Number of protein chains: 2
Amino acid sequence: MTVDTDPVQSDRNRDALTAAHLYYMQDLTMDAIAQELHTSRSSVSRLLSHARATGLVDIQIKSPLDAPSHLEQQIEARFQITAHVVPVPDSASDVDRLERVALSVARILGRYFDSNMTMGIAWGSTMNAISRHVTPKQTHNSQIVQLNGAGNMRTTGLGYASEILGRFGTAFGAHVQQFPVPAFFDNPATKQALWRERSISRLIDMQAIMDIALFGLGSPFSGVISRVYAGGYLEQAEFDELSAARVVGDVATVFYRADGSADGIALNERSTGPDFTVLRRTPRRICVVAGHSKLASLRGALAAQLITDLFVDESTARALIETA
Amino acid sequence: MTVDTDPVQSDRNRDALTAAHLYYMQDLTMDAIAQELHTSRSSVSRLLSHARATGLVDIQIKSPLDAPSHLEQQIEARFQITAHVVPVPDSASDVDRLERVALSVARILGRYFDSNMTMGIAWGSTMNAISRHVTPKQTHNSQIVQLNGAGNMRTTGLGYASEILGRFGTAFGAHVQQFPVPAFFDNPATKQALWRERSISRLIDMQAIMDIALFGLGSPFSGVISRVYAGGYLEQAEFDELSAARVVGDVATVFYRADGSADGIALNERSTGPDFTVLRRTPRRICVVAGHSKLASLRGALAAQLITDLFVDESTARALIETA
DNA sequence: GGACTCCTTGCACGTATGTTCATTCCGGTT
DNA sequence: AACCGGAATGAACATACGTGCAAGGAGTCC
């Protein structure tokens with residue numbers, strides 16, 4: 001993270017701040033601002049971009065009473081959660097969907113996360129997309145904790161996951177706590193043993209007291225195969241095992257069925273993600289879903305009560321309501 | 001006030017809301033939004049304007065720790081108030097200054113005023129400028145109270161003052177309480193009598209419990225003559241009286257000297273503005289000042305402890321610090 | 001000291017946006 | 001049914017804005 005003590009940065013920020021004032025509060029044109037700041041219009045344009053990108057300027061969209069769209073209201077009523085439906089045209093591709101939902105989440109995240117908080121972060125394509133857009137916000141004494149290991153037979157997974165974690169960390173000026181374990185152990189006993197190690201148990205303890213959990217959903221048995229299933233984390237036998245157990249999805253590599261149950265799914269004993277009973281104690285559990293392929297998975301996660309705040313694209317939201 | 005039950009308005013708002021999402025949260029171009037909403041790009045432009053104008057989109061500027069500009073810090077330290085310095089180029093004219101400070105205040109006012117609150121409002125050119133730009137915000141059970149009468153020998157003053165009051169009222173969906181009395185009575189006894197009338201005392205009572213007071217400053221003895229002094233409210237004899245009493249300014253037609261004292265100023269006995277002892281009980285007292293001509297007046301108001309939140313243009317702020 | 005990189009700046013261009021104007025659409029009236 | 005404002009619309013125009021690019025400057029390494 002970059003601490004803001006660089007004098008040139010501070011200058012830049014001061015200018016960005018006045019520029020933002022003049023532009024957003026006083027409706028001056030960039031040209032006019034350029035004159036006041038004795039620079040060129042392009043520089044002002046860049047200053048303002050900088051101001052927005054660094055969260056110096058915060059653009060909120062109010063829901064003035066009526067705004068919870070019809071869909072959001074329905075979802076909230078049916079599932080007792082807070083819903084954010086992201087408008088996306090039906091024609092959009094699944095990657096578009098993900099990208100646009102992720103962007104919305106990234107922009108709003110600073111509203112939830114603050115100083116002295118701990119946020120648990122999963123990994124996967126959804127989290128990756130979000131991480132690439134998080135709007136920075138300075139916080140103090142805050143922590144980003146990795147929810148589940150990312151290693152597999154081929155790599156330690158540190159690169160991919162830590163890249164994601166790192167982006168959140170720098171954006172919020174938070175300490176990043178990596179979780180250097182594989183996604184799944186071969187042997188449950190290894191997990192038990194490791195969990196008793198102080199270096200690891202410290203992390204588990206942090207997960208237990210985190211204020212926010214942020215995660216996408218895995219959906220093993222649908223069109224788009226999520227990273228967990230394509231990245232060499234699971235072998236065919238394990239895949240078959242999930243299928244036999246009628247698993248519909250996972251949160252941080254912990255699996256569940258359509259009715260939300262997770263008992264008796266052997267793979268969970270070897271998984272490094274937080275147990276659902278632990279996860280459910282987290283006050284705010286933000287789930288990000290894009291695309292119909294995750295619909296079954298989403299239903300399961302809702303049934304399992306894993307979600308308190310849902311971000312979902314419009315058409316998936318509609319599908320969720322209509323076929324429920 | 002317009003209650004938002006008109007179906008066509010609600011449609012418009014819904015569209016404006018999605019447009020705002022797409023534009024500000026997802027960075028789509030207006031063209032793209034037009035396609036999604038099945039309308040023209042111009043309409044989207046208009047929708048977005050509408051969204052901003054109605055406060056549907058709220059643009060905030062964060063002060064990430066260091067941002068209280070040097071000036072603001074100095075003012076806050078010296079006078080124990082919250083200061084908002086509005087950047088305005090030194091070359092700007094006094095009307096420019098006022099306009100730009102007023103715009104900034106108007107934009108930020110919704111941050112202070114909320115449901116179930118009562119706000120006292122003065123009148124004058126400063127308040128007029130602000131009123132023309134207030135960003136709407138729906139509130140419930142809130143009140144706008146006129147602080148001082150606006151009548152004079154020639155008119156009841158209801159037109160001018162109520163225009164200002166009305167704009168605040170509609171912007172916040174608040175009840176407006178007019179104060180149908182002259183700015184100054186001819187005879188103090190009339191004031192005493194009237195103050196005992198229930199219709200009037202109700203208003204006085206509301207002033208006593210208001211949460212916010214919003215006012216500009218009058219400056220009788222400086223270049224620009226404020227509305228109170230030009231509008232036929234005072235006669236030459238009264239003007240001389242003020243001069244003799246070494247008055248430097250007024251808040252809602254109640255006068256004070258450079259040291260903040262107001263005792264023994266005869267005119268105050270006939271003024272309809274709130275007594276300073278009453279005013280000082282208001283938790284938040286927002287004062288808006290633009291232009292050097294009000295400097296002496298500002299000093300006096302600060303000495304009198306009439307201000308908790310100050311909005312001032314940069315160059316006046318600088319003058320305030322430098323010559324204090 | 002010079003050659004190098006890295007960063008910042010202003011210009012110029014193409015694109016995105018605000019606004020005017022003629023037109024259409026809608027609700028109410030005759 | 002015809003007529004009439006008034007509001008909303010899209011086309012066209014005029015600005016305002018974002019960005020690639022080349023030039024300049026500051027720092028660093030040889």
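A note on names: the letters A, B, ... follow the listed sequences, proteins ahead of strands, and every chain is numbered from 1. This one's a predicted model, so the numbers in the text were calculated from it and none came from an experiment. Keep in mind that the numbers below use all heavy atoms, side chains included, and drop hydrogens, waters and symmetry copies.
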* Look at the rings of A:Tyr112 and A:His84 and say which category their plane angle falls in: under 30° parallel, 30 to 60° tilted, over 60° perpendicular. =>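 Ring orientation of A:Tyr112 relative to A:His84: perpendicular.
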
Is it true that [Y] and [X] share a donor-acceptor pair across their side chains at a distance under 3.5 Å?
{"X": "B:Ser125", "Y": "B:Asn128", "value": "no"}
{"X": "A:Gln143", "Y": "A:Gln177", "value": "yes"}
{"X": "A:Arg52", "Y": "B:Tyr24", "value": "no"}

From [atom1] of [X] over to [atom2] of [N], roughly how many Å is that when rounded to an integer?
{"X": "A:His50", "N": "D:dT19", "atom1": "NE2", "atom2": "C1'", "value": "18 Å"}
{"X": "B:Leu48", "N": "C:dT19", "atom1": "CG", "atom2": "P", "value": "12 Å"}
{"X": "B:Leu37", "N": "D:dG10", "atom1": "CG", "atom2": "P", "value": "11 Å"}

Practice problem: Run the numbers on B:Arg132 and B:Glu99 for salt bridge (charged side-chain N to carboxylate O under 4.0 Å, His left out), then give the verdict. | Solution: CA-CA 10 Å; B:Arg132 278 185 283 105; B:Glu99 203 61 24; 3.2 Å; yes

Interface with DNA chain D, restricted to residues 38-47 of chain A and to heavy atoms under 4.0 Å: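 Residues of residues 38-47 of chain A that come under 4.0 Å of DNA chain D are, in numerical order, A:Arg41, A:Ser42, A:Ser45, A:Arg46.
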
Neighbours of DNA chain D within residues 21-32 of chain A, by heavy-atom distance under 4.0 Å: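 The stretch gives A:Tyr23, A:Thr29, A:Met30 as the residues lying under 4.0 Å from the strand, ordered by number.
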
Practice prompt. Measure the spacing between OG1 of A:Thr135 and CZ of A:Arg107 and express it to the nearest 0.5 Å.
Written response: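 Rounded to the nearest 0.5 Å, the OG1-CZ separation comes out at 5.5 Å.
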
Practice task
Would you mind telling me which of B:Val134, B:Leu214, B:Ile144, B:Ile286 makes a side-chain contact (heavy atoms from CB on, under 4.5 Å) with B:Phe113?
Solution key: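 The passing option is B:Ile144.
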
Next item on the list: Answer yes or no: are there more than 12 heavy-atom neighbours, outside A:Gln60 itself, under 6.0 Å from its atom CD?
Entry: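 Yes, the 6.0 Å shell around CD holds more than 12 heavy atoms from other groups.
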
